[in-house]
Amino acid sequence: MKTSKTMIALMASVSLALGTAACSKGGTDTEVAAASNPAGINLAAMDKSAKPGDDFYSYANGNWQKTTEIPADRSNVGAFYTAQKELEKRSDDLFAGLAKSDAKAGSDERRLADYAKAFLDQPGIDQRSLPSLKADIAKYEAIADKTALAAAIGGTVRADVDPLNATDLQTENLFGIFVTSSLTDPSKNVPYLMQGGIGLPDRDYYLSAEPEMAKIRAAYKPFIAKMLASAGLDKADERAARILALETKIAQAHASIVETEDAGKVQTWKQSDFAAKAPGLDWNAFFGAAQLSTVPEIAVWQVEPAKKLSALVASEPLDAWKDWLAFHQIIQSGPVLPTQMHADDFAFFGTTLNGQPTEQARAKQLQRVVNEQLGDAMGQLYVAKYFPASSKEAIGKMVDNIKAAFDKRIAALPWMADPTKAEARKKVTSMHVGIGYPDSWRDYSSLEIKPDDAYGNYHRAQLAEYRHQIAKLEQAPDKNEWWMVPQIVNAVNLPAQNALNFPAGILQPPFFTPGSDAAANYGAIGAVIGHEISHGFDNLGSTFDADGRMRNWWTPADLTKFNAAGQALVDQYNGYEALPGLKLNGRQTLAENIADVAGLAAAYDAYRASLNGKEAPVIDGLTGDQRFFIAYAQTWATKFRDAALRGRVATDGHSPGNFRALTVRNIDAWYKAFDVKPGDKLYLAPEKRVKVW
């Protein structure tokens, strides 16, 4: 089934008093783990027969790579999967407790329990979802003209895209809305109109001449027909042909990932401008149905695609659009479809697209969907039981140390002028950092959840999220707003807020082990912290100032030097080959690669500063610096199915993990730590090592 792209990233609210972790005389589980593994790294994962200077990834992860099998219900595995497994176990325990509880009506606990009961009742879904789906499709079948079509398209708009997140750049609906502060005026929230409308992950799936993409297109058309027929629509093959033809034209109208990441192209239009600037769609009907008719201005993120998509509404046959609406209603209901339709949905989106043989157990699907739709409700339970105050305090200290290291690096940059340094230093020192969980929690009291209506719950929750987002248009921006739930293995930088979120889900082994060796913790979670700080200074983040305003705070000479360093990194990553004949797109992954390089450098400096001038002890024959870099590489242990890897390279702003591990090539200290010399395969001459910050 299709899943929210925000759940795939780095793969891209009342105060809660935390309980302390359960503790015996032997200490917490993580303390015991730290004591039994003083090096803090996975020695068994290493292949010490590999020469670090020739293949550092294999040196750190070679044995893991040889012995690890990808589970049948996954498209890839790695360090994130290790943390995810523990998170899933904990979530299972929380749901088990909810099932046994007698939570009062109207409470979040009752909503969670009722949502789970309906979602896990597949016989009930088989009985009730198809009639509900058919009723929704009937509304589209009854569309009589293009004005009604515009209203129907407007009614599908949801808040499911984030233009500042490279892994979440499109919506399955024709347009999506993202609400955050204005790029030019951080004192107000504005809606950003985003391109969408395709069922496949990206425009290249429709337009690329690569044989693998052609195979997917060949499988897509019969899949469309099968889903339409299962929903009771006649002439399914005819309709499927119309839908694929229309989606291909929509894809042709789309901006690429690289183009979409250029926030400088955003234009703000008054509602009265749309009819003249993007003719074709009845914008009044659209905005009325999207509950945006009273919003005076809308920021158009992809201007040319908006014009072209609007024109397609006018030029393409009404029947094609009605078929398209019906099909998208089906695929956007994937988690709550009847058994056979759900299986067919997974067979295409899971197996054909990602090579995943088996779908995850229903209980795991429940966790993912709840995180998307009732994430804060589950998050409160999660952090109360599993995220001790001591971890929040320890991470807070690491964040302060790494921010200080980053600030010191800026101050010492030989190529940057003082005015640019002052702006950059102001930005890093004023970053707001959220650790573990938000300061306040989402209110779900207006969301109706029924214990016997999985289909209705799913779509009501999507609509409730949209209404929550557009309600922010009447409020001042909240600089402390979180964009991730606590129970997720991820982290995020928020350029428009100049803020960072580090959810509790990633603040566990193998990224962070309380009491473990400082080298390992700084190399693992420290590098993640440095990465997110550095996103404030990548090719996109560097266009925002300390207040979250998009403006050029660079001197012309400094900007030229910064862009030259970025281009060197583009060239470096363009040379990496993920599969035979499949090169990485260094421009598409530039922001993440900048954050990796700068973040690792800052984390290393912070680690060295934490030693207070002393040398770290040698543990298991490894120096502190060696453990630092091994820990970093082990967080990027990654194994993909070929289809999933191909999709990742095509659509993601992140490089695959094994190439992210090679960030070490740009860090001088790595060469000294492992005695890497000219002639070694990974060796870069000092002048070729990219130093962005």
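Keep in mind the model is a prediction, meaning the values are calculated, not measured.
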Subject >> Lys/Arg-Asp/Glu bridge criterion (N-O < 4.0 Å) met for D234, R239 >> reply: yes
**OP:** Rounded to the nearest 0.5 Å, what's the gap from OG1 on T156 to CG on D136? Could you check?
**Re:** 12.0 Å
Original post:
For W483, does its backbone N or O pair with a side-chain atom of N501 as donor and acceptor, under 3.5 Å?
Top reply: yes
Subject >> Minimum side-chain heavy-atom gap H342-E359 below 4.5 Å >> reply: yes
Subject >> N371 side chain to Q487 side chain, donor-acceptor N/O pair below 3.5 angstrom >> reply: yes
Original post:
With side chains defined as the heavy atoms from C-beta onward, is the minimum distance between E259 and D262 less than 4.5 Å?
Top reply: no
Subject >> Cation-pi check, R362 onto F119 ring (under 6.0 Å, within 45° of axis) >> reply: yes
**OP:** Check whether any side-chain heavy atom of H254 sits under 4.5 Å from a side-chain heavy atom of Y206, and report yes or no.
**Re:** no
Subject >> Donor + acceptor pair across side chains of Q271, W269 (<3.5 Å) >> reply: no
**OP:** Show the numbers, then the answer: is there a salt bridge (charged side-chain N to carboxylate O under 4.0 Å, His left out) between E88 and K85?
**Re:** CA-CA 5 Å; E88 290 172 359; K85 282 195 299 182; over 6 Å; no
Original post:
Where do H459 and Q373 land on the side-chain hydrogen bond (donor to acceptor under 3.5 Å, both in side chains) test, with the steps shown first?
Top reply: CA-CA 10 Å; H459 288 289; Q373 300 198 327; over 6 Å; no
**OP:** Report the residue from R128, K117, R460 that forms a salt bridge (Lys or Arg N to Asp or Glu O under 4.0 Å) with D453.
**Re:** R460
Original post:
Could you go step by step and tell me if K249 and E316 meet the salt bridge (charged side-chain N to carboxylate O under 4.0 Å, His left out) rule?
Top reply: CA-CA 10 Å; K249 291 178 181 179; E316 295 305 299; 3.0 Å; yes
Original post:
How long is the span from the OG atom in S91 to the CG atom in L366, to the nearest 0.5 Å?
Top reply: 9.0 Å
**OP:** Could you tell me which residues satisfy ring-ring contact (aromatic ring centres under 6.0 Å, His included) with Y466, sequence neighbours excluded, listed by chain and number?
**Re:** none
Subject >> Near-ring test Y576/Y573, centroid separation under 6.0 angstrom >> reply: yes
Original post:
Counting only N and O atoms by type, is there a donor-acceptor contact under 3.5 Å from the side chain of K322 to the main-chain atoms of I143?
Top reply: yes
Original post:
Does a side-chain N-to-carboxylate-O contact under 4.0 Å join E210 and R646?
Top reply: yes
Original post:
Is the shortest distance from a Lys or Arg side-chain nitrogen in K364 or D92 to a carboxylate oxygen in the other one below 4.0 Å?
Top reply: yes
**OP:** Would you indicate whether the side-chain heavy atoms of P656 and V649 approach each other to under 4.5 Å?
**Re:** yes
Original post:
Between V266 and A299, which heavy-atom pair has the shortest distance, and what is it?
Top reply: CG1-CB, 4.0 Å
Subject >> Check: D652 side chain, H654 main-chain N or O, donor-acceptor pair, under 3.5 Å >> reply: yes
Original post:
Do F175 and F286 have ring centres separated by under 6.0 Å?
Top reply: yes
Original post:
Does the S655 side chain pair with the main chain of R660, one donor and one acceptor, at a distance under 3.5 Å?
Top reply: no
Original post:
What residues, two or more places apart in sequence or in another chain, satisfy side-chain contact (heavy atoms from CB on, under 4.5 Å) together with Q340?
Top reply: A343, D344
Original post:
Are the charged groups of E212 and K215 less than 4.0 angstrom apart, N to O?
Top reply: no
Original post:
Between R641 and N354, is any pair of side-chain heavy atoms under 4.5 Å apart?
Top reply: no
Subject >> CZ-CD distance between F346 and Q356, expressed to the nearest 0.5 angstrom >> reply: 4.0 Å
Original post:
Looking at side-chain heavy atoms only, is the closest gap between V300 and T268 below 4.5 Å?
Top reply: no
Original post:
Is it true that atom NZ of K226 has more than 12 heavy atoms of other residues, nucleotides or ligands lying nearer than 6.0 Å?
Top reply: no
Subject >> S310 side chain vs A306 backbone, donor-acceptor pair below 3.5 Å >> reply: no
Original post:
Is the F274 to F287 ring centre distance short of 6.0 Å?
Top reply: yes
Original post:
Looking at R442 and D376, does any basic side-chain N land under 4.0 Å from a carboxylate oxygen?
Top reply: no
Original post:
How about K472: does its NZ atom have over 12 heavy atoms from other parts shown lying under 6.0 Å from it?
Top reply: yes
Subject >> Heavy-atom donor-acceptor pair, N539 side chain to A591 backbone, under 3.5 Å >> reply: yes
Subject >> Beyond-backbone contact of Q122 with T339, side-chain heavy atoms, under 4.5 angstrom >> reply: yes
Original post:
With a 3.5 Å cut-off and no angle check, do the side chains of D204 and S208 form a donor-acceptor pair?
Top reply: no
**OP:** State, yes or no, whether a side-chain contact exists between L337 and M227 at a heavy-atom distance under 4.5 Å.
**Re:** yes
